[in-house]
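Just so you know, these numbers use all the heavy atoms, side chains as well, and skip hydrogens, waters and symmetry mates.
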Amino acid sequence: KGDKKMVVVKQFSIILGSLFLGFMVESIFNIPIPANVLGMVILFALLYFKIVKIHHVREVGVFIIKHLALFYVVPSVGIMVYLGLLSSQFVKIVVPVFISILIGFLVAGKVTELMIKKGSK
């Protein structure tokens, strides 16, 4: 039982460590990308280059994904609180969000195509 706790602590430490590195990179180099996104890119790179194996983060990763909805409760309450402001600025908010979602979909699709092509070679 104690060994299981240490595994979870190790996995959580790897994920938080990559997040911390993202914060360090963002603050040192003043990159206009959110630190949490940089942290996940760092974690992805560590997994991709097999510096960190998937079993080193699997349990905690599955737990986080399983409970991801809880992370959206606070922003959802914020949206309800500022609904009047959001409705008056609706077009100014929705258009950029819609465009960024489309760009995200296109980039994700192209990256997936490249990875599939690379994997089939």
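Here the shortest heavy-atom pairing between Val8 and Val60 reads O-CG2, 3.7 Å. The shortest heavy-atom contact between Gln11 and His55 is NE2-O, 3.4 Å. Val7 and Glu59 make their closest contact through CG1-OE2, 4.0 Å (heavy atoms, listed as atom of the first residue, atom of the second, distance). Across all their heavy atoms, Val25 and Ile31 have their closest contact at CG1-CD1, 3.6 Å.
For the pair Leu83 and Ser87, the minimum side-chain heavy-atom distance is 4.5 Å or more. Looking at Met115 and Tyr48, their side chains come closer than 4.5 Å, going by heavy atoms from C-beta outward. You'll find the side chain of Met40 stays beyond 4.5 Å of the side chain of Asn36, heavy atoms only. Between Leu43 and Ile14, some side-chain heavy-atom pair lies under the 4.5 Å cut-off.
Between the side chain of Lys53 and the main chain of Lys50, a donor-acceptor pair closer than 3.5 Å is present.
No single ILVMFWY cluster, assembled from side-chain heavy atoms under 4.5 Å apart, contains both Ile15 and Val62. Val77 and Leu86 fall into different hydrophobic clusters, defined by Ile, Leu, Val, Met, Phe, Trp and Tyr side-chain heavy atoms under 4.5 Å apart, directly or through other members. No single ILVMFWY cluster, assembled from side-chain heavy atoms under 4.5 Å apart, contains both Tyr82 and Val97. Clustering ILVMFWY residues whenever any of their side-chain heavy atoms sit less than 4.5 angstrom apart, transitively, puts Leu68 in the very cluster that holds Leu16. There is no path of hydrophobic side-chain contacts, each under 4.5 Å, that joins Phe98 to Ile103.
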